[in-house]
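Taking it in order: structure first as C-alpha cells, then the write-up.
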Amino acid sequence: MTPTAREAAWTRLMSLARRPGAAAIRSLFSRQPDRFEKFHWQGGDILLDLSKTSIDDDAMRALLGLAEAMQVMPARDAMAAGELVNNTENRAVLHMALRAPRSAGFHARTPDGGCEDASDEVADTLAAMERFTRAVHAGEIRSATGEPFTDVINIGIGGSDLGPFMASRALWHEASPMRPLYLANADAHNWELIRPRLDPARTLVLIASKTFTTAETMANARLVRGWLEQTLGTEGMRQHLVALSTNHKATAEFGVPADRVFGFRDWVGGRFSLWSAIGLSIALGCGWDDFMRLLEGARAMDEHFLSAPAERNLPLLLALTTVWHVNGLGLDNHAILPYDHRLSRFPAHLQQLEMESLGKRTTRGGAPVQHLTGPVLFGEPGTNAQHSFMQLLHQGTTPVPADFVLIANPSHPYAANHRLLLANGLAQAEALLRGRGEEDVRAEMLAAGKTPEEIERLLPHRVFPGDRPSTTLVLPRLDAHTLGQLVALYEHKVFCLGALWDIDAFDQWGVELGKQLSTSILPELLPEGRVGPHDPSTTGLIQQLRAWQGLDL
Ligand code: F6P
C-alpha cells in the first residue's frame, strides 16, 4: 500500500469520527435493533461484543480499510515467518512458537540474514521443564535437607513476574501441587512480607530474568540466596536455585547449577514470555498439565489470529476498537474490568503488555508519529472497581472505554454470589450505555417522597449522560485453556495496534534512561557519597533524604 493509500484510509476514518453524533451509541441500537447480532463475534471460546461502542457499519468499513492500508495481516504473516519485525532491536518476534508443537516448524531470521530453528529448541526446553516439574512434584528432586519442596518463589520483575503471577493467581487452587509466591519489588518490604511464610528447607527459588542483569531482580536474588545459605550452607543453597534466563554465563557466575538453568531466546519479549521457561513457576505451582493447557489455549487463539478473515478476527477487531476510541474520538484512557477475582492480576499484566509495547512516539521509520498511540490502561476486578473508580467512568468529564470480562460458570459452588457478580458486570456496562435522563431521576425522587425543591437541587448531580463505550468479552469458564486464549487475544491485539500505528511494539527504549540514572544516583546515597550534578529538584530531594537519614547533618 502506498503512503497515499494509508493517508486516505486515515482521512476517511477521521472524517467519520468527526461526524456530529459520532460518539452516540444508544441511537445506533434504535436504528439497528439487531446490532448485537451484527457486532458480536466468537473466536475459540471467547465471545466479543462491540455493540456497546459507537462503531457503526461505515466506521467498521473504514477501520477494516485502515487495517488493509496499514497491511496488518501481511505484518502478522511476517511475524509468524520469523522476520525481524522488532526492527529497532533487529529481532524476530516468535512468542507464537512457544505454544506451538515441534511440527509447527517455526524459524527465526537472524540479523546476518540467516535462519535458526525455533520449534525444536522450544520443544526440547519444554521437555526439560516437564521432567523437572514432574520430578519435583513426585518428590524425586528434593531439598538439601531431603524434604519435598512445598513452596516455589519466583524472583523477577516486569514480564518475568507479571505474566506468571497473573496466571498462577488465576489457576492456583487448594489442591495444586505447590504454593507459588512472587517477589518483584526492589523494596525489601516485599521480601519481608513473603519471608515469614517460607521455610528455606522446603522452598525452591526461581530467578527469572531474561537478561540476568536487572538490578531489582539481582538484588532480591542475592537477598534470598543469603537467606538460603544461612540455613542450608553454600552447597545446600545451590540445590534450591533455578534460573530462567537467556544469559547462561551470568547464571553460572551466580552459582546456579547448569542443569537447573532453563533458557529461551532473544525473540521472546519480556512481556510475552510467560509461555517460555519464565512460566516455570506456573507449572510448578499449578501443575504441568495446566501449564500445557494454558499453552494450548494460546495456540488456539494463534490459529484463530492466523486464519480468521479480518472482519471476524478477534484480535484485529479489538485493536480497531482501540483505534476508533483513541484516534477517532480522542479517548486515550482504557479500563480493564475482569469480573472474576482470579483475574485480579490481569489488569497489571495488560498494563505492561500494552503500555510498554504501545507507549511510543516514533514510527518504525524513525519519524514522529502523527496521531495518538497507546492509551493509559488501568483496571481492577469487578465488583471491587465499582466501589473505587467507576464513578468517573459514569459521570466524569471524559468517557473512558472499558473492557468487561465475564465468566459464565464459576469454579466454586456459590451460585448466588456468582449471579450477583454477573448481574453487576452486565449492569455496569448497561448503565454506561443508557445513562439516566432527567425524567427518570425526577420520577424516582418523587416516588421517594422528595420535595420539588430537593428534586431541582439534586437533579443535575443525579443525571448520567450515558453513551459511554464498553466492550464485553464472555468466556464459558475460566480454566487454563480459556485463560491462554484470553491472554493471547490481548497479545495479538497489541501486535495489530503496533502495525496500525506503524510503531515497533516490541522494544522499550524509554525505560533505559531511568535505569542508567539510578546507577549514577546510587553511590550518592552511600554514607560517604557526594551529591552529583542534577537538576535543582533532584539535588534538593537527595539532600533532604540524606539529611533525614542522618547522613549530612
Ligand atoms: O522494564 C523493562 C524490562 O526490560 C521489561 O521489558 C522486562 O520484562 C523487565 O525489564 C525484566 O527484564 P529481565 O527479564 O531481563 O529481568
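It should be emphasised that the depicted structure is a prediction, and the values quoted were computed from it without experimental measurement. Both ligands and their constituent atoms are indexed starting at 1 by order of listing.
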More than 12 non-hydrogen atoms from neighbouring residues, nucleotides or ligands closer than 6.0 Å to CD on Q230, yes or no? no
F132 ring centre to R260 NZ or CZ under 6.0 Å, with the angle to the axis within 45°? no
Show me the donor-acceptor pairs, under 3.5 Å and distance only, between side chains in residues 278-294 and residues at least two apart or in other chains.
| from | atom 1 | to | atom 2 | distance (Å) |
| --- | --- | --- | --- | --- |
| S281 | OG | Y182 | OH | 2.7 |
| D289 | OD1 | R134 | NH2 | 3.0 |
| R293 | NH1 | E296 | OE1 | 3.2 |

Which protein residues have a heavy atom under 4.0 Å from ligand 1? I157, G158, G159, S160, S209, K210, T211, T214, G270, Q352, E356, Q508, V511, K515
With heavy-atom distances below 4.5 Å as the criterion, would you say the side chains of V224 and W191 are in contact? yes
Residues passing the ring-ring contact (aromatic ring centres under 6.0 Å, His included) test with F106, sequence neighbours excluded, are none
Identify every side-chain donor-acceptor pair in residues 513-523 under 3.5 Å, counting partners at least two apart or on other chains, and give the distances.
| from | atom 1 | to | atom 2 | distance (Å) |
| --- | --- | --- | --- | --- |
| S518 | OG | K515 | O | 2.9 |
| T519 | OG1 | K515 | O | 2.9 |
| S520 | OG | L517 | O | 2.9 |

